[in-house]
Novice: 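Structure provided below as structure tokens; questions to follow.
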There are 2 protein chains.
Amino acid sequence: MLGIDEQNQPGELEPVQRKSTAAIVADQLRSAIMYGSLPPGSQMGEADLAARLGVSRGPLREAMQRLVQEGLLHSEPHRGLFVATMDADDIRDLYTARLAVERAACEQIIRYRRVEAVAELTAAHSRMVAAASRGDRGELTDADQEFHETLVRGSGSPRLQRMARTLLVEKRMCLTALQDKYPADAQALVDEHRGLVAALEAGDELLLLTRLEAHMNDALERLNGSLAE
Amino acid sequence: MLGIDEQNQPGELEPVQRKSTAAIVADQLRSAIMYGSLPPGSQMGEADLAARLGVSRGPLREAMQRLVQEGLLHSEPHRGLFVATMDADDIRDLYTARLAVERAACEQIIRYRRVEAVAELTAAHSRMVAAASRGDRGELTDADQEFHETLVRGSGSPRLQRMARTLLVEKRMCLTALQDKYPADAQALVDEHRGLVAALEAGDELLLLTRLEAHMNDALERLNGSLAE
DNA sequence: ACGGGTAGCATTGTCGACAATCGACCGGCC
DNA sequence: GGCCGGTCGATTGTCGACAATGCTACCCGT
């Protein structure tokens, strides 16, 4: 099996893509979990997965240990590794963690990188607007995800970024699992994000944090509502 | 959102704790990094380490991939794995991340588990007092660490706990690396923690968060001061 | 003497095979 | 008929060996 997608920008010479195989495989698995290709609760047969990825079981196991550490997989010794399942408590917990991380990111941004962050976030938000106007829900969700990735990246904190990445994968996993029941309230989503950018642009920290908290609560409400079905 | 970790009562039989070898090895390595047995920047020779741990290279590599994911090791392909080094920026980042996590933990505690947390934290704090009165710096640092572990565990949030564990290992690593130059201001440390418990006991959220932030800033100051040597 | 090239060594990355463990199925016994 | 013990197949966990890569030190040419 070939087809390891690598995005090389021609002409731009960068510090060579020196990623270990385990890291590449881990990324692949993360994507598969995010987009539901490996649904929650499913067992990951090592032999099968290794064959599909074109690597041996060794590197695959190394990659899976990374995801175990992230909490995306859980291991039952001598039984196998399973994609994490999430109940209502987990979703709540996920959003308290997200709020903790993104709130800290906002504070860092306001303090050190407000102007640059506003530009980046405005761009990310316009992508959401475009997706919403086309009614493309998948693209809207992706844009939403990228918005928050951009937000945390803007903090310039490697640790917050690392935490946020895992949390966003989990969030995306939930959305994928519940996508049939998830309400398509595109306009509200776009508006909330615009509110965040506006507050940031105004440099109003209190307003920004308030809106962020409201945004998290709304998202949590939507998810829990869908889960209740 | 209740506590996950339940203390086992004697005679109460529980579902045997079966940890995979990779997890055990990872814990060992974490301890070794914390206590400076594997100093920052040092390379981890696979063959040597595997021999010392009594396992083969396979499980050892799996364990190391976990630590890479945590950010405690960084990998240079075909070169080896190295214990993470931390500069002044990293220390700052470490403390913004810690503040984010522990602040969120405090909010959760005040909301849902204030009374139990006060009891646990008081116990942890008394251990600090005892260590300080004996002038045992190592024990004091351990007690400090346990205090913050208890704090985050009190939140009942698995994700906050997972993040905090890594951050606390990094913090301990810094302290170990700088232990010669680190000022032994034991009394101030004990007082700050007592202030945290008091604010929590009073249920004064604003005061608690203010003091937590001050505590983080003080610790950061101390570390940066030591680093400047 | 200095730079370039090359051979050798050590370490990492990968793979296939063996051993241990678990769940499921089945037959026998109470 | 229901329960217990045993066996089988499948999967995971572990290991040792091979291949690939990077670093080091030496040698040679200018």
Side-chain angles (χ1 to χ4, degrees), chain A residues 1-4 6 8 13-29 32-33 38-85, chain B residues 13-29 32-33 38-85:
Chain A
M1 285 297 165
L2 36 96
I4 298 172
E6 47 198 58
N8 279 351
L13 51 128
E14 52 195 70
V16 187
Q17 184 174 358
R18 313 223 338 93
K19 288 213 282 190
S20 77
T21 320
I24 300 174
V25 174
D27 286 342
Q28 296 256 349
L29 292 180
I33 293 175
L38 294 172
S42 66
Q43 182 170 9
M44 332 249 301
E46 293 184 359
D48 181 39
L49 266 184
R52 282 201 286 171
L53 289 168
V55 294
S56 179
R57 281 178 53 211
L60 172 64
R61 285 175 63 90
E62 292 175 16
M64 293 200 297
Q65 291 299 323
R66 287 200 182 199
L67 300 190
V68 169
Q69 180 61 37
E70 277 188 89
L72 263 41
L73 303 181
H74 75 101
S75 137
E76 296 188 14
H78 297 288
R79 294 287 299 275
L81 292 148
F82 302 83
V83 181
T85 59
Chain B
L13 46 133
E14 54 183 288
V16 181
Q17 183 181 356
R18 300 163 39 122
K19 289 210 281 189
S20 80
T21 338
I24 300 174
V25 174
D27 286 342
Q28 296 256 349
L29 293 179
I33 293 175
L38 294 173
S42 67
Q43 181 169 10
M44 332 251 301
E46 294 185 357
D48 180 41
L49 266 184
R52 282 201 287 171
L53 288 167
V55 294
S56 180
R57 283 178 51 209
L60 173 64
R61 285 176 63 91
E62 292 176 16
M64 293 201 296
Q65 290 300 323
R66 287 199 183 198
L67 300 191
V68 169
Q69 181 61 37
E70 277 188 88
L72 263 41
L73 302 181
H74 74 103
S75 137
E76 296 187 13
H78 295 109
R79 293 284 299 278
L81 292 149
F82 302 83
V83 181
T85 59

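Lettering follows sequence order; numbering is per chain, from 1.
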Novice: Does Gln43(B) have a side-chain nitrogen or oxygen under 4.0 Å from the phosphate oxygens OP1 or OP2 of dT12(C)?
Specialist: yes
Novice: Chain B on DNA chain D: first and last contacting nucleotide, 5' to 3', under 4.0 Å to a heavy atom?
Specialist: dG13(D) to dC23(D)
Novice: Can you tell me how far the CZ atom of Arg66(B) sits from the CD atom of Gln69(A), to the nearest 0.5 Å?
Specialist: 6.0 Å
Novice: Starting from the C-alpha separation in whole Å, work towards a yes-or-no answer on side-chain contact (heavy atoms from CB on, under 4.5 Å) for Leu73(B) and Met64(B).
Specialist: CA-CA 8 Å; Leu73(B) 302 181; Met64(B) 293 201 296; 4.1 Å; yes
Novice: Which distance, rounded to the nearest 0.5 Å, do you find between the OG of Ser56(B) and the CD of Glu46(B)?
Specialist: 10.0 Å
Novice: Name the pairs: protein N/O against N/O of nucleotides 20-25 of chain C, kept only if under 3.5 Å.
Specialist:
unit_1	atom_1	unit_2	atom_2	d
dC22(C)	OP1	Arg18(B)	NH1	2.7
dC22(C)	OP1	Arg18(B)	NH2	3.2
dG23(C)	OP1	Arg79(A)	NH1	2.3

Novice: Take atom CD of Gln65(B) and atom P of dT12(C), then tell me their distance rounded to the nearest Å.
Specialist: 13 Å
Novice: Can you tell me how far the CG atom of Asp27(B) sits from the CG atom of Leu67(B), to the nearest 0.5 Å?
Specialist: 9.0 Å
Novice: How long is the straight-line distance from CG of Leu81(A) back to CE of Met44(A), given to the nearest 0.5 Å?
Specialist: 7.0 Å
Novice: Which is true for Met64(B) with a 4.0 Å heavy-atom rule: it touches a base, it touches only sugar-phosphate, or it touches nothing?
Specialist: nothing
Novice: Output the distance between atom CZ (Phe82(B)) and atom CD (Glu76(B)), rounded to the nearest 0.5 Å.
Specialist: 5.0 Å
Novice: To the nearest Å, give me how far apart CZ (Arg57(A)) and P (dA19(C)) are.
Specialist: 15 Å
Novice: Between atom OG1 of Thr21(B) and atom CG of Leu53(B), what is the distance when rounded to the nearest 0.5 Å?
Specialist: 11.5 Å
Novice: Locate the shortest heavy-atom distance separating Pro40(B) from Thr85(B); write the atom from each residue and the value.
Specialist: C-CG2, 3.9 Å
Novice: Let me spell it out: for each of Gly58(A) and Gly80(B), pick the nucleotide of DNA chain C with the closest heavy atom. Which residue's pick is nearer the 5' end?
Specialist: Gly80(B)
